[in-house]
Amino acid sequence: MKIAKVIVDIPLMQTDKAFSYLVPTDLENLVAIGMRVHVPFGKGNRLVQGIIIDFEDTKNLAEADKQMSLSVPMSKISENLKEIAEVLDLEPVLTEEQLWLADEMRHSVFSYKISCLKAMLPSLLNSSYDKLLTAANGDESYWSQLTENEKINVMKQVKSGEMTVTYIAKSKENKKVIKFLSVINREKLKNLEISKAAKKREECRQYLLELNGKISQKDFPFSREVMKYFIDNDFLEISEVETSRTQSVFDAIHFDEAKELNDEQMLAFQTIITSSEKPYLLEGITGSGKTEVYLQVIEHFLKKGKTAIMLVPEISLTPQITNRFIARFGEKVAIMHSGLSDGEKYDEWRKIRSGKARVVVGARSAIFAPMENIGVIIIDEEHETSYKQDSNPRYHARDLALLRAKFHDACLVLGSATPSLESRARAMRGVYQLLRLTKRANTSALLPEVKIVDMREQINDKSANFSTLLLDKMREKLEKHEQIILMLNRRGYSSFVMCRECGYVVECPNCDISLTLHMDTRTLNCHYCGHQEAIPQLCPNCQSRKIRYYGSGTQKIQEELAELLPEARVLRMDVDTTKTKNAHEKILNKFSSYEADILLGTQMIAKGLDFPNVTLVGVINADTGLNLPDFRASERSFQLLMQVAGRAGRADKKGEVLIQTFNPRHYAIQLAQEQDYEKFYEREMNFRRTLSYPPYYFTVQVLVSHKNKEVVVKKSYEIASLLRANLSEKAKILGPTARPIARTHNLYHYQILVKYRFEDDLEATLNQVLDLTQERENKDLRIMIDSEPQNFV
DNA sequence: AGATAGCCGTAC
DNA sequence: TACGGCTATCTC
């Protein structure tokens, strides 16, 4: 008798443990750890998906009985176990390493085991359920397709026995296949009588007789009717071959050879490949050729028969980057990013799982790629906050990369022009080995000249957004037929609707935030809860007609540009213009083929783009991110400015950068102008030390939410005192305080921040805090725990 | 989550 | 006392 330990797919505290199920005898040799199963669960024995994480041997149970002499022997209990209803996989979808990783993850993410496991699977493999309802007369209907009223009606009928229910767990899995045609009965085909009128059929016969092997249905050079004729008469056979949905990308790529490394790059490369003992922090200024180092390191490990994972921030996972990897490694590359459909993601996942892909390039979740024999893991732009997931299993890709690298004895490379203070501090302490690239790889490319424009002196000018200097520079570049990138810091600049008469701003009824204007749908939307309403004609407060739109930052700037520089061709890139698939790529292609003079956009244009003809970068508002109530505000601003400055002068033309700001004396802006990471690091570390923030202290945030404000306040104070009681004197507990946006989704949010260095009881205490939601009086209370939170706003 | 056992209130 | 709704409890 074989007993499987199954984690069921019900993300709840009460079900967050392994349940034991009997493996039916005929499946005994088929099941394995890491497979998905359907198991009967609860009183109604409804089918629930689960994942086998272990087996229990009944032999051991018998032995345990002997030793422990329990009142109810373990082997007896096993008789009452339910059986696994169905095995969903022919081979495990999770590797043993991934199961181990999920265990490790749980110490820091304060989430359910099943959530950790599911984060590692492509969403297509997370099947959904439906109920099939059968009426007495045999009519069938699906629960999911009923209206609310019908559901109530059906429930009554089910209760009275007029209808029966069957649970069906439908798996969304689907594989894309290519249909191939191959000729059969070739001899007969030669003698087939075809009427003289059927010229196409005759033509097709000749074609088929000469055809060697298979041809895909898509490429078959005859019409469907002709094809059908030969199929129906048994001369053609259709076979299906599984394929990858992203296959087509590979067809258009030109292969690319390794470039020669300069001495700095070579040193970095040599150091990385010689040892995997410590993680490396590769600190290289923009344009210093980090990517080429990555490519050659990966190549090195591929030659040794190993595999590689390359993480890139989602936002810079542009074709410009991915194509470089595909060009170097061809079909050995799998790409994982959110732009892919579920089907495409599944295809890439299978390509990895089967071992066909040896290099994975992807965003955060690609750290879970089921690779074997990993030689190197690279995290580019390691300071990016998008490596930390800001929902459910709140993992940081960097932490998991450390674990996986250790597991595989692989190299870990963290690369950045402006490393996070955490990583840089570790490098200083010798936890990471620091490698530097200080020269631009293209030696003729000079570092851009950066100027600060004090916007306080511009108050009386015509435009509030453009300084005279920036406008002059732009005119100059336009005349020289050079291109310009303009960046607008989106934060704090979103569009809203305000009454000019009384100052009323339309706010979300569920959240304490003004609604954002969406010109494309002509609605006001809430970015937090999704609430949507029409744009009012009259002010809802004073009935005045003087209600005015304050269009999206970028939109507004675009309009202004049209007035100030009517001759300039402007491309806008922001959330609105990149909604559709590949829109991102199209805009960039247009800009690189010089169909526009100015690329105007939000932070998304700061990352990794390389346009040789761009000689001017203008930052319209450098400060909006600076004054946010977040201790990383300066770090973020500095990193962003450094990054966007790197977009200028990538080739032999000298680049210029203009930073417009109301805080010209702020160190983040000053040091970005000087392009001096070292100084910034020192300065910022000082600040972090004085205020006991990371990297000197670790942080954990506890977020408490409830629809009633008094309850949140009361409960969060209770939690804070629980923390104070259980943690040492040295831990600093901040709060509770209301979140910057105190109410969203009709819930009030309060937060507590714990700063600590060594707290042995922290994990246990935080789990205790989570347990509070289990008490009946706290039923509607939501508690979220975020270790090392990245965003406080 | 979702089914159920147990508890209390009201209608007959 | 019978039925219905509501809540606490458990799920191998």
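Chain letters run A, B, ... following the sequence lines, proteins first, then strands; residues in each count from 1. Just so we're clear, the structure is a prediction, and the values are computed from it rather than from any experiment.
Under the 4.0 Å criterion applied to side-chain N and carboxylate O atoms, A:R404 and A:E104 are not assigned as salt-bridge partners. With respect to A:K345 and A:E348, no salt bridge is recorded, no charged nitrogen being found less than 4.0 Å from a carboxylate O.
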All N/O pairs under 3.5 Å across the protein-nucleotides 9-12 of chain C interface:
from: C:dT11; atom 1: O3'; to: A:G42; atom 2: N; distance (Å): 3.2
from: C:dC12; atom 1: OP1; to: A:Y21; atom 2: OH; distance (Å): 3.2
from: C:dC12; atom 1: OP2; to: A:K82; atom 2: NZ; distance (Å): 2.1
from: C:dC12; atom 1: O3'; to: A:S20; atom 2: O; distance (Å): 2.7
from: C:dC12; atom 1: O3'; to: A:K82; atom 2: N; distance (Å): 2.8
from: C:dC12; atom 1: O2; to: A:S20; atom 2: N; distance (Å): 2.6
from: C:dC12; atom 1: N4; to: A:K17; atom 2: NZ; distance (Å): 3.3

Throw together a table of side-chain donor-acceptor distances under 3.5 angstrom for residues 765-773 of chain A, partners on residues two or more places apart or in other chains.
from: A:T765; atom 1: OG1; to: A:D761; atom 2: O; distance (Å): 2.6
from: A:N767; atom 1: ND2; to: A:E763; atom 2: O; distance (Å): 3.2
from: A:T773; atom 1: OG1; to: A:L770; atom 2: O; distance (Å): 2.6

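Judged as a ring pair (Phe, Tyr, Trp, His ring centres under 6.0 Å), and not counting sequence neighbours, the contacts of A:F407 are A:W100.
No more than 12 heavy atoms of other residues, nucleotides or ligands lie within 6.0 Å of CZ in A:R782, so this atom counts as exposed by the packing criterion.
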